[in-house]
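Values below: all heavy atoms of this structure, side chains included; hydrogens, waters and symmetry mates excluded.
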Amino acid sequence: MTLFSPLNFKPSSVKHLYQLSSIVPAPSLFSYCLENVLRTNSDSFLRCFCAGPIAVYDSKVNEKEIEYNEQQKKVATSLQRVYEEIQSYSPPKKGFFSKIFKEKSRAPQGVYLYGAVGGGKTMLMDLFYSCVKMEKKKRIHFNAFMVDVHKRIHEVKKTVVKDPRETKPKPFDPIRPVALSISKDVWLICFDEFQVTDIGDAMILKRLFTELFDNGVVMIATSNRPPDDLYKNGLQRSNFVPFIQVLKDHCEVVSLDSGVDYRRRTLAGAGKHYFVKNQDDAEKAVENIFKQLVANENDIIRPKTLTILGRDVVFQKVCGQILNSTFAELCDRPLGSSDYCMLAQIFHTVIINDVPQLTLKNKSLVRRFIMLMDTLYDNRVRVVITADVPLDQLFLMKKSDGIGDHDRVLMDDLNISSESENAVASIFTGDEEMFAFDRTVSRLIEMQSEEYWNQWDKQR
């Protein structure tokens, strides 16, 4: 790659252009680069040559893969800035000599991208991620990342040797070694759907990310919420608030308001993989899809037990990499993010039968369904659904349904009265679920499309 550094590359050396084909992600982009240098012989070529976000975005627009959007182009400019700055950046080395000489290498400021659902946030982040040619990078859903963090914390705690002479355990914070192990593996992390709903996550984020940033990690994140609204009305939010400033100090906050939900444009063509029960012979249609998928598997239809974090999770109808399940199997038992992440790694297609119309009267079911769909979408797992109602009626949310019997039991356990300040926490009011519903519906619409289904082969 040294040969083709922008510092020594000469646009007049056209023969070198063809050697670039090995590092340019697509032939169409290479043609676009070649056309630019031959026409302009200017610095515009360097952006194409480096295959940065702006060049790739322009190429996709020229190839009519996406529509031009001014707001998206502004975001691409911010991502281009990060792309260019990380080319000459390497994280500070940790060790004895670095402490002596107080070695410091200021990390480039990342990007925290927020905006309404379906506006292209994930597309732009993935575009940036594909441009970066380095090993120590990771693109991950934020929920999956936090599951991994808690696993690492658990493993670190197991290594602590207690002194039998000590009557009281010495205080030990596992966050620093966990952050160090993460930053040794990767120093560029792209988070999809940065959101905070769990109090356990909220209480460690400031310490965790302070350590990660101190170790030179660069972060790109997408979210539906601006930083100031993260963990809004969450329990003990005052302990979380300092993290917001840490986030702002290390990331450029960028808003994407494209004014269009591009996923909903496919609504007219949706329905091939979402079926309303008692309409259009839904059960027969899903059974036919299942038979067609099974024909390509080298296995038989049978029950299967998955061991996840030491627990056995049984599904009654599995064939190879296809899971034919029910809403009750997936959402009406105590499953969480780690379980859904495992499913997304094992199965390329998940059939979910008998999805009811969801309300806030049972938020635990709603939370699991949202988490499940986020995980399957992020891993490009194909989904077939039979439901009681059409997709645009799947979530029937009324503010009056906010506090149910399960929440009242939890409030009693936490000694929270209905008049106290903590009674308006999002865990009880359902604000977080209502906020997430639009994203879930938008993603479900996209997941019905033929384009989404074809993405699974590329993903693998």
Would you indicate whether Asp249, at its atom CG, is surrounded by more than 12 heavy atoms from other residues, nucleotides or ligands within a distance under 6.0 Å?
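More than 12 heavy atoms, drawn from other residues, nucleotides or ligands, come within 6.0 Å of this atom.
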
Please evaluate residues Val276 and Val389 with respect to the criterion side chain to side chain contact (heavy atoms under 4.5 Å, CB included), reporting the C-alpha separation (whole Å), side-chain torsions for both, the decisive distance (0.1 Å), and the verdict.
CA-CA 6 Å; Val276 179; Val389 294; 5.7 Å; no

Counting distance only, does the side-chain N/O of [X] pair as donor-acceptor with the main-chain N or O of [Y] below 3.5 Å?
{"X": "Asn379", "Y": "Val381", "value": "no"}
{"X": "Gln448", "Y": "Leu444", "value": "yes"}
{"X": "Arg368", "Y": "Cys331", "value": "yes"}
{"X": "Thr359", "Y": "Leu396", "value": "no"}
{"X": "Arg152", "Y": "Ala179", "value": "no"}
{"X": "Lys133", "Y": "Ser130", "value": "yes"}
{"X": "Thr375", "Y": "Met371", "value": "yes"}
{"X": "Thr77", "Y": "Lys73", "value": "yes"}
{"X": "Arg237", "Y": "Tyr231", "value": "yes"}
{"X": "Ser325", "Y": "Ile351", "value": "yes"}

Rounded to the nearest 0.5 Å, what separation is found between the [atom1] atom of [X] and the [atom2] atom of [Y]?
{"X": "Ile346", "Y": "Leu323", "atom1": "CD1", "atom2": "CG", "answer": "9.5 Å"}
{"X": "Met219", "Y": "Cys190", "atom1": "CE", "atom2": "SG", "answer": "10.0 Å"}
{"X": "Gln321", "Y": "His348", "atom1": "CD", "atom2": "NE2", "answer": "5.0 Å"}
{"X": "Lys184", "Y": "Lys136", "atom1": "NZ", "atom2": "NZ", "answer": "9.0 Å"}
{"X": "Leu293", "Y": "Ile322", "atom1": "CG", "atom2": "CD1", "answer": "4.5 Å"}
{"X": "Glu84", "Y": "Leu79", "atom1": "CD", "atom2": "CG", "answer": "11.5 Å"}

Determine whether the side chains of [X] and [Y] contain a donor N or O and an acceptor N or O closer than 3.5 Å.
{"X": "His141", "Y": "Gln195", "result": "no"}
{"X": "Thr305", "Y": "Asp312", "result": "no"}
{"X": "Asp192", "Y": "Thr222", "result": "yes"}
{"X": "Tyr57", "Y": "Gln72", "result": "yes"}

Which heavy atom in [X] sits nearest to a heavy atom in [Y], and how many Å separate them?
{"X": "Pro53", "Y": "Phe128", "value": "CG-CD1, 3.9 Å"}
{"X": "Cys131", "Y": "Val56", "value": "SG-CG2, 3.5 Å"}
{"X": "Ala285", "Y": "Phe275", "value": "CB-CE2, 3.7 Å"}
{"X": "Pro227", "Y": "Lys248", "value": "CB-CE, 4.2 Å"}
{"X": "Tyr377", "Y": "Met447", "value": "CD1-CG, 3.8 Å"}
{"X": "Gly119", "Y": "Leu256", "value": "O-CD2, 3.5 Å"}

Does any pair with a residue in residues 327-341 pass side chain to side chain donor-acceptor pair (under 3.5 Å), and if so which ones, sequence neighbours excluded?
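Only Arg311-Asp339 qualify under side chain to side chain donor-acceptor pair (under 3.5 Å).
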
Answer whether the closest heavy-atom distance between the side chains of [X] and [Y] falls below 4.5 Å.
{"X": "Val384", "Y": "Tyr274", "value": "no"}
{"X": "Val313", "Y": "Phe315", "value": "yes"}
{"X": "Asn324", "Y": "Val318", "value": "no"}
{"X": "Asp354", "Y": "Lys277", "value": "yes"}
{"X": "Val441", "Y": "Met373", "value": "no"}
{"X": "Asp378", "Y": "Thr122", "value": "no"}
{"X": "Leu127", "Y": "Lys60", "value": "yes"}

Carefully, step by step, assess Val61 and Glu67 under the rule side chain to side chain contact (heavy atoms under 4.5 Å, CB included).
CA-CA 6 Å; Val61 171; Glu67 295 180 16; over 6 Å; no

Quick one: do Val217 and Ile189 satisfy side chain to side chain contact (heavy atoms under 4.5 Å, CB included)? Show the steps, please.
CA-CA 7 Å; Val217 168; Ile189 308 180; 4.0 Å; yes

Determine, stepwise, if the pair Asp257 / Lys74 fulfils salt bridge (Lys or Arg N to Asp or Glu O under 4.0 Å).
CA-CA 11 Å; Asp257 184 11; Lys74 289 181 179 178; over 6 Å; no

Taking Lys137 as the fixed residue, which of Val186, Ile220, Leu188 is the one that meets the side chain to side chain contact (heavy atoms under 4.5 Å, CB included) rule?
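Per the side chain to side chain contact (heavy atoms under 4.5 Å, CB included) rule, the option paired with Lys137 is Leu188, out of Val186, Ile220, Leu188.
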
In chain order, what residues pass the side chain to side chain contact (heavy atoms under 4.5 Å, CB included) check against Val355, with sequence neighbours excluded?
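Only Phe327, Ile352, Phe369, Ile385, Ala387, Leu394 meet the side chain to side chain contact (heavy atoms under 4.5 Å, CB included) criterion with Val355.
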
Run the side chain to side chain contact (heavy atoms under 4.5 Å, CB included) check on Lys317 and Lys304 step by step: do they pass?
CA-CA 7 Å; Lys317 201 171 183 180; Lys304 186 168 185 176; over 6 Å; no

Parallel, tilted or perpendicular: rings of Phe191 and Phe142 (30°, 60°):
perpendicular

Ring-plane angle category for Tyr114 and Tyr112, please: parallel below 30°, perpendicular beyond 60°, tilted otherwise.
tilted

Residues 200-213 side chain polar contacts: donor-acceptor under 3.5 Å, at least two apart:
from, atom 1, to, atom 2, distance (Å)
Asp201, OD1, His150, NE2, 2.6
Arg207, NE, Asp173, OD2, 3.2
Arg207, NH1, Met203, O, 3.4
Arg207, NH2, Asp173, OD1, 3.2
Thr210, OG1, Lys206, O, 2.6
Glu211, OE2, Arg176, NE, 3.3
Glu211, OE2, Arg176, NH2, 3.3

Would you check, one step at a time, whether the test salt bridge (Lys or Arg N to Asp or Glu O under 4.0 Å) holds for Arg81 with Glu85?
CA-CA 6 Å; Arg81 187 263 307 162; Glu85 290 180 0; 3.5 Å; yes

Does the pair Glu155 and Lys158 meet the rule for a salt bridge (Lys or Arg N to Asp or Glu O under 4.0 Å), with working shown?
CA-CA 5 Å; Glu155 292 301 317; Lys158 289 197 302 185; 3.4 Å; yes

Could you please spell out the steps behind the salt bridge (Lys or Arg N to Asp or Glu O under 4.0 Å) verdict for Glu193 and Arg225?
CA-CA 9 Å; Glu193 296 303 337; Arg225 289 187 181 274; over 6 Å; no

Could you walk me through whether Asp388 and Asn278 pass side-chain hydrogen bond (donor to acceptor under 3.5 Å, both in side chains), step by step?
CA-CA 8 Å; Asp388 291 344; Asn278 303 321; over 6 Å; no

